[in-house]
Enquirer: 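I'd like to ask you about the structure that follows.
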Amino acid sequence: MARRRQIIPWRAAGTRAEMRRNADEVVQDTGWVFNNVTGSALTLEQFVATGNAEVDVYLNRFGWSEMPPSMSILEIGSGIGRMTAALTRQFHSVFASDVDAAFLERCRETVSRFGDVTALRTVHIADGSSVHLEDNSVDLVFSYITLQHCKASDALRLTSEATRVAKPGGWIALNYRTYVPADAVLLPAGALMRVLWNVPVVGPKLSQWRWSTRLGWQANRLNPRRVLNLLETSRVEFDELVILHHPGRPASQATFMGEPVRQRDLDVANKSHWWLLARCR
Ligand SMILES: C[S@@+](CC[C@H](N)C(=O)[O-])C[C@H]1O[C@@H](n2cnc3c(N)ncnc32)[C@H](O)[C@@H]1O
């Protein structure tokens, strides 16, 4: 784990979350790491409301709103449960997973208050890339604004893990960040910031500040071609495969098993984001 500098700000926020007296304080202090909203009067309820709205939108856009409630779903990178609460109201079994154990504890608290805690199981991704669930064990896998924050190799491994744990006929929806022109500056500045996070005395402070965290936590850029190459090499098979991206973004030239991949506009997508939406065979 020593070389995984990109995990530092999550651990720092997790430790702070552990030390707060109540969940509203957690949201006021560290909630911005999840939804970029700051304020000294924020409440957990307001925080969860942002997740409820996003879950509604994404389930709708993926065609998942009408999935049977008996289904199970794995959320990779649940944080403190901003979206998990809504997922537990929608699905019978929700596996919330995250690299930070303190976040998972807070996630349980969030779900107890705003979701259905009987539906929740937490899964600690202790090494940043292994999901301790059996092969072919969940119906749906969902990950939002998480895979861009991992080392590229961890994001790719988590992608493989998603396809491993999804049942045949199950769906995955994974969100990635790809290149934009500003990355010519942002990527080197972010890499420098991650080095500074390891410097004694100043590093621990820097890893908690919003501006430095936002700069350094963009740990990778993965384009569709790179992710699909990995899946091709691992001989994963899909019955359906589509790339979703911002309407203003040119279609990617990605292919899978020699065939062009279907592309669809996603009105709510960030310009630099794309989603892999696939049904496993
Ligand atoms: C921006 S937050 C998003 C959380 C949640 N999806 C949401 O929208 O509120 C990113 C989350 O990814 C988690 N994370 C970062 N690297 C990870 C890794 N390698 N494996 C699992 N989770 C990771 C962080 O701890 C954090 O909770």
Side-chain angles (χ1 to χ4, degrees), residues 1 3-18 23 26-27 30-38 42 44 46-59 73-88 94-108 110-111 114-115 122-133 141-162 165 173-177 194 197 207-208 210 213-220 222 268-270 272-273 275:
M1 290 291 256
R3 283 170 43 246
R4 287 177 159 73
R5 295 190 178 106
Q6 64 289 338
I7 289 177
I8 290 173
W10 306 112
R11 296 261 193 261
T15 304
R16 280 160 63 188
E18 248 172 349
V26 171
V27 167
T30 63
W32 59 268
V33 307
F34 306 104
N35 68 350
N36 201 23
V37 176
T38 55
L42 290 173
L44 181 65
Q46 291 164 344
F47 178 74
V48 170
T50 68
N52 292 345
E54 286 192 278
V55 167
D56 268 357
V57 169
Y58 286 113
L59 294 190
I73 184 166
L74 162 68
E75 183 187 13
I76 299 179
S78 61
I80 62 172
R82 192 177 71 89
M83 303 175 93
T84 323
L87 294 174
T88 60
V94 176
F95 299 94
S97 66
D98 202 281
V99 73
D100 191 84
F103 285 162
L104 291 175
E105 208 179 313
R106 289 292 181 183
C107 176
R108 182 167 291 281
T110 303
V111 173
F114 296 103
T122 54
V123 181
H124 187 205
I125 304 182
D127 65 355
S129 68
S130 311
V131 180
H132 295 289
L133 288 177
V141 183
F142 171 81
S143 183
Y144 181 50
I145 45 175
T146 291
L147 298 175
Q148 72 207 57
H149 297 306
C150 312
K151 232 172 134 90
S153 56
D154 285 348
L156 292 170
R157 172 100 204 286
L158 287 168
T159 303
S160 298
E161 288 286 83
V165 302
L174 306 176
N175 168 245
Y176 303 86
R177 186 169 171 136
R194 290 195 292 280
W197 285 342
S207 67
Q208 295 179 23
R210 185 159 170 255
T213 300
R214 287 179 59 74
L215 197 57
W217 71 12
Q218 296 300 337
N220 76 65
L222 286 171
V268 290
N270 181 294
S272 59
H273 289 192
W275 286 83

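Start at 1 and go down the list; that is how both ligands and their atoms are numbered.
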Enquirer: What atoms of ligand 1 come closer than 4.0 angstrom to any heavy atom of Ile125?
Expert: 20 (N), 21 (C)

Enquirer: Which atoms of ligand 1 sit under 4.0 Å from any heavy atom of Arg82?
Expert: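 Here the atoms of ligand 1 in question are 7 (C), 8 (O), 9 (O).
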
Enquirer: List ligand 1 atoms under 4.0 Å from Ile145, heavy atoms only on the residue side.
Expert: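 Here the atoms of ligand 1 in question are 1 (C), 2 (S), 3 (C), 8 (O), 10 (C).
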
Enquirer: Please report whether the ring centroid of Tyr58 lies less than 6.0 Å from that of Trp275.
Expert: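 Yes - the distance between ring centres of Trp275 and Tyr58 falls below the 6.0 Å cut-off.
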
Enquirer: Quick check on contacts: which atoms of ligand 1 are under 4.0 angstrom from a heavy atom of Phe34?
Expert: 2 (S), 4 (C), 9 (O), 27 (O)

Enquirer: Under the side chain to side chain contact (heavy atoms under 4.5 Å, CB included) test against Val94, which residue among Val111, Leu74, Ile73, Thr122 passes?
Expert: Ile73

Enquirer: Which option out of Thr146, Thr30, Asp100, Asn35 puts a heavy atom nearest to atom 11 (C) of ligand 1?
Expert: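 Ranked by closest heavy atom to atom 11 (C) of ligand 1, first place is Thr146.
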
Enquirer: If only side-chain N and O atoms count, and only distance matters, is there a donor-acceptor pair under 3.5 Å linking Arg82 with Thr110?
Expert: no

Enquirer: Does either side chain, that of Asn36 or that of Arg210, offer a donor lying less than 3.5 Å from an acceptor on the other one?
Expert: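 Yes.
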
Enquirer: Which option wins on minimum heavy-atom distance to atom 24 (C) of ligand 1: Trp217, Tyr144, Trp10?
Expert: Trp10

Enquirer: At less than 4.0 angstrom from any non-hydrogen atom of Gly79, what atoms of ligand 1 do you find?
Expert: 27 (O)

Enquirer: What I want to know is whether Leu158 and ligand 1 share at least one N or O pair that is separated by under 3.5 angstrom.
Expert: no

Enquirer: Heavy-atom contact check, 4.0 Å cutoff: does Asp98 meet ligand 1?
Expert: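 Right, Asp98 reaches ligand 1.
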
Enquirer: Numbering the atoms of ligand 1 from 1, which are under 4.0 Å from a heavy atom of Met83?
Expert: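 Counting atoms of ligand 1 from 1, those under 4.0 Å from Met83 are 8 (O).
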
Enquirer: Do me a favour and list the nearest non-hydrogen protein atom to atom 5 (C) of ligand 1 with residue, atom name and distance?
Expert: Gly77 O, 3.2 Å

Enquirer: Show me which atoms of ligand 1 lie under 4.0 Å from any heavy atom of Val33.
Expert: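 Counting from 1, the qualifying ligand atoms are 1 (C), 2 (S).
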
Enquirer: Checking side chain to side chain contact (heavy atoms under 4.5 Å, CB included) for the pair Val48/Leu44: CA distance, chi angles, key distance, verdict?
Expert: CA-CA 6 Å; Val48 170; Leu44 181 65; 4.1 Å; yes

Enquirer: Are any of the side-chain heavy atoms of Val99 and Arg11 separated by less than 4.5 Å?
Expert: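 Sidechains of Arg11 and Val99: in contact.
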
Enquirer: What is the closest protein heavy atom to atom 14 (N) of ligand 1, and at what distance does it sit?
Expert: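 Checked against all protein heavy atoms, atom 14 (N) of ligand 1 sits closest to Val99 CG1, 3.8 Å.
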
Enquirer: Among all the protein's non-hydrogen atoms, which is closest to atom 19 (N) of ligand 1, and how far away is it?
Expert: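 Checking every protein heavy atom, the shortest distance to atom 19 (N) of ligand 1 gives Gly128 O, 2.9 Å.
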
Enquirer: Between Trp32 and Phe47, is the ring centroid distance below 6.0 Å?
Expert: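 Distance test on ring centres: not under 6.0 Å, no.
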
Enquirer: Less than 4.5 Å apart, any side-chain heavy atom of Ile125 and any of Ser130?
Expert: no

Enquirer: Just which atoms of ligand 1 are under 4.0 Å from any heavy atom in Phe103?
Expert: 25 (O), 27 (O)

Enquirer: Answer with yes or no after comparing the ring centroid distance for Phe95 and Phe142 against a 6.0 Å cut-off, counting only values under it.
Expert: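 No, they do not, as the ring centres are separated by 6.0 Å or more.
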
Enquirer: Classify the side-chain pair Tyr176/Gln148 by whether it contains a donor and acceptor separated by less than 3.5 Å.
Expert: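 Side chains of Tyr176 and Gln148: no pair found under 3.5 Å.
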
